[in-house]
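First the structure, in the form of structure tokens, and then the observations on it.
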Amino acid sequence: MKKIILSLIALALSVGFASAQDMAQATDTYNSGAAALSNGEKASAIEFFTKAIKEAEACGEEGAEIIANCKGVIPSIVLSIAKDLVKEADYTAAFAKIDEAVKVAGEYASEEVAAEAAELLPQVKKLWAKSLYDKKDFAAAVDAYKEVLTLDAEDGASALRLAMALANSGAAQADVIAAYEKAAALGQEANANKQIASIYLKDAAAQLKAKAYAAAADAAKKANEYGDNAQAYLVLGQASQQLKKNADAISAFEKYLELSPSAKNAGAIALTVGALYQGDKNNAKALEFYKKAQELGTDAKQYIDALSK
């Protein structure tokens, strides 16, 4: 009986000694992790802290504090590495590390890190999309901005950027205009409408050059639906004149002169308006615009003299 008791005492002492050794090892590993973190060696710190968790778990209740400390700091370190990758513009690696931070935060019940990672992700997505746009990789930028908008559908600035990327990627005009209209609805009305007007104006000028006058007039009218544009009124006047729609031409040219009174061609346009009025037997208005043309430096004396008799 005495031998059995002595054996049990010896066993108890050996177990206690082993437990103390395990705890010392876990503590050393934890301290190595803290030292690595202090030196900016974040990946090594995570390895040490992860190892310390396993070692501390073997120590029972005595290892609880080390385990809690390690689990409390690992998610923050992972997210910090993600931020470092963002600064280096390594967005692909940053996305992977943010996902890892979210996963680890979930495993270790770190709600604060999970929330910060969720807030960081759309910001990084936007930086990534902008970098692609700036590199003129417009097709990739389109996909990137679409991803941004899946995270925040109300992001008007990103919606505008998506439309710009679509325009530069050679997307169909209807798709580009639809994208700009969506951006306008999300608070980017001034910028979006300016871009839509520019699209229609470019189309109007091309149609006028191709002598497709009806199409040119329609496109010019569309441009002006998004804000009065002097050039659009000029194209509309020229197209309407070719279509023999004198009233429409006069109205458009007058609006052009109102918006661009000091344009180089203002005198010539005033002379044209005078001729259109004269053709409609409205000599009073014709004389008014001939005089205006003269004031603008375009020789209209013969026309003025003819109507002044």
Check your understanding: When rounded to the nearest 0.5 angstrom, what distance separates CG in L296 from CG in L257?
Key -> 7.5 Å

Review point. Where is the tightest heavy-atom contact between A52 and C70, given as atom of each residue plus distance?
Key: CB-SG, 3.9 Å

Practice item. Quick one: do K103 and E100 satisfy salt bridge (Lys or Arg N to Asp or Glu O under 4.0 Å)? Show the steps, please. Key: CA-CA 5 Å; K103 181 181 178 181; E100 183 182 340; over 6 Å; no

Check your understanding: Got a donor-acceptor contact below 3.5 angstrom from the N224 side chain to the N229 backbone?
Key -> yes

Point to revise | Where L132 and A140 come nearest, the two heavy atoms and their spacing | key: CD1-O, 3.7 Å

Practice item. Determine whether more than 12 heavy atoms belonging to other residues, nucleotides or ligands lie under 6.0 Å from atom NZ of K291. Key: no

Review point. In Å, rounded to the nearest 0.5 Å, how long is the span from CD of E225 to CG of N193?
Key: 10.5 Å

Review point. Same hydrophobic cluster for L259 and V273, using side-chain heavy-atom links shorter than 4.5 Å among ILVMFWY?
Key: yes

Check your understanding: Under 6.0 Å from the CD atom of E181, do we count more than 12 heavy atoms belonging to anything else shown?
Key -> yes

Practice item. Quick one: do K202 and Q173 satisfy side-chain contact (heavy atoms from CB on, under 4.5 Å)? Show the steps, please. Key: CA-CA 11 Å; K202 187 180 294 184; Q173 179 175 296; over 6 Å; no

Check your understanding: Do the side chains of V104 and I46 get nearer than 4.5 Å, heavy atoms only?
Key -> no

Review point. Is a side-chain N or O of S198 found less than 3.5 angstrom from the main chain of K194, in a donor-acceptor match?
Key: no

Revision key, fill the gap. The reported gap from CG in L37 to CG in N39 (rounded to nearest 0.5 angstrom) is 9.0 Å

Exercise for review: Starting at CG of D28, measure out to NZ of K51 and round the result to the nearest 0.5 Å.
Suggested key: 10.0 Å

Review point. Are more than 12 heavy atoms from other residues, nucleotides or ligands located less than 6.0 Å from atom CD of E107?
Key: yes

Review point. Are side-chain heavy atoms of D155 and K126 found at a separation under 4.5 Å?
Key: yes

Practice item. Spell out, as yes or no, whether a donor-acceptor pair under 3.5 Å connects the side chain of T150 to the backbone of E147. Key: yes

Review point. What is the distance from atom CD of E41 to atom OG of S32, rounded to the nearest 0.5 Å?
Key: 11.0 Å

Point to revise | In one Ile/Leu/Val/Met/Phe/Trp/Tyr side-chain cluster, 4.5 Å: F49, Y108 | key: yes

Point to revise | Side chain to side chain, Q207 and Y213, heavy atoms closer than 4.5 Å | key: no

Exercise for review: Mark yes or no for whether S80, through its side chain, and S76, through its backbone, hold a donor-acceptor pair below 3.5 Å.
Suggested key: no

Exercise for review: Classify the angle between the aromatic ring planes of F138 and Y133 as parallel (below 30°), tilted (30 to 60°) or perpendicular (above 60°).
Suggested key: perpendicular

Check your understanding: Does S251 reach the main-chain N or O of D248 with its side chain, forming a donor-acceptor pair under 3.5 Å?
Key -> no

Check your understanding: Heavy-atom count around K222 NZ within 6.0 Å, excluding the residue itself: above 12?
Key -> no

Exercise for review: Using the six-membered ring wherever Trp is involved, compare the ring planes of Y290 and Y303 and label them parallel, tilted or perpendicular (cut-offs 30° and 60°).
Suggested key: parallel

**Study point:** Donor-acceptor contact below 3.5 Å, side chain S169 vs main chain L166
**Key:** yes

Review point. Is L243 linked to V235 within one hydrophobic cluster, defined over Ile, Leu, Val, Met, Phe, Trp and Tyr using a side-chain heavy-atom separation of less than 4.5 Å?
Key: yes

Point to revise | Side chain proximity check, F289 to E254, heavy atoms < 4.5 angstrom | key: yes

Check your understanding: Any chance the rings of F253 and Y233 have centres within less than 6.0 Å?
Key -> no

Check your understanding: Linking I/L/V/M/F/W/Y whenever any side-chain heavy atoms sit under 4.5 Å apart, do F48 and V73 land together?
Key -> no

Check your understanding: Any side-chain heavy atom of N168 within less than 4.5 Å of one from K136?
Key -> no

**Study point:** Over 12 non-hydrogen atoms of neighbours within 6.0 angstrom of CD in E112
**Key:** no

Check your understanding: With the threshold set at 4.0 Å, does a side-chain nitrogen-carboxylate oxygen contact exist between K54 and E57?
Key -> no

Exercise for review: List the atom of V113, the atom of P75, and the distance in Å for their closest heavy-atom pair.
Suggested key: CG1-O, 3.7 Å

Point to revise | Side chain to side chain, Y180 and M164, heavy atoms closer than 4.5 Å | key: yes

Point to revise | L234 side chain reached by N265 side chain, heavy atoms, under 4.5 Å | key: yes

Practice item. Mark yes or no for whether T27, through its side chain, and M23, through its backbone, hold a donor-acceptor pair below 3.5 Å. Key: yes

Review point. What's the spacing between I67 CD1 and E61 CD if we round to 0.5 Å?
Key: 11.0 Å

Point to revise | Considering all heavy atoms, the nearest I98-A117 contact | key: CG2-O, 4.0 Å

Practice item. Identify whether I81 and V102 are in the same connected component of the hydrophobic contact network (ILVMFWY, side-chain heavy atoms under 4.5 Å). Key: no

**Study point:** Heavy-atom closest contact (L151 atom, P122 atom, distance)
**Key:** CD1-CA, 3.8 Å

Check your understanding: Would you call E288 and K285 a salt bridge, using N to O less than 4.0 angstrom?
Key -> yes

Exercise for review: With the side chain counted from C-beta on, respond yes when V148 and S158 share a heavy-atom pair under 4.5 Å apart, and no when they do not.
Suggested key: yes

Point to revise | Carboxylate-amine/guanidinium contact E295 K292, below 4.0 Å | key: no

Check your understanding: Are K125 and F95 in a cation-pi setup, meaning NZ or CZ lies under 6.0 angstrom from the ring centre and within 45 degrees of the ring axis?
Key -> yes

Review point. Which atom pair, heavy atoms only, marks the closest approach of A263 to Y256?
Key: CB-OH, 3.3 Å

Practice item. Mark yes or no for whether Q294, through its side chain, and K301, through its backbone, hold a donor-acceptor pair below 3.5 Å. Key: yes

Check your understanding: If only atom types and distance count, is the side chain of D203 paired as donor or acceptor with the main-chain N or O of I199 below 3.5 Å?
Key -> no

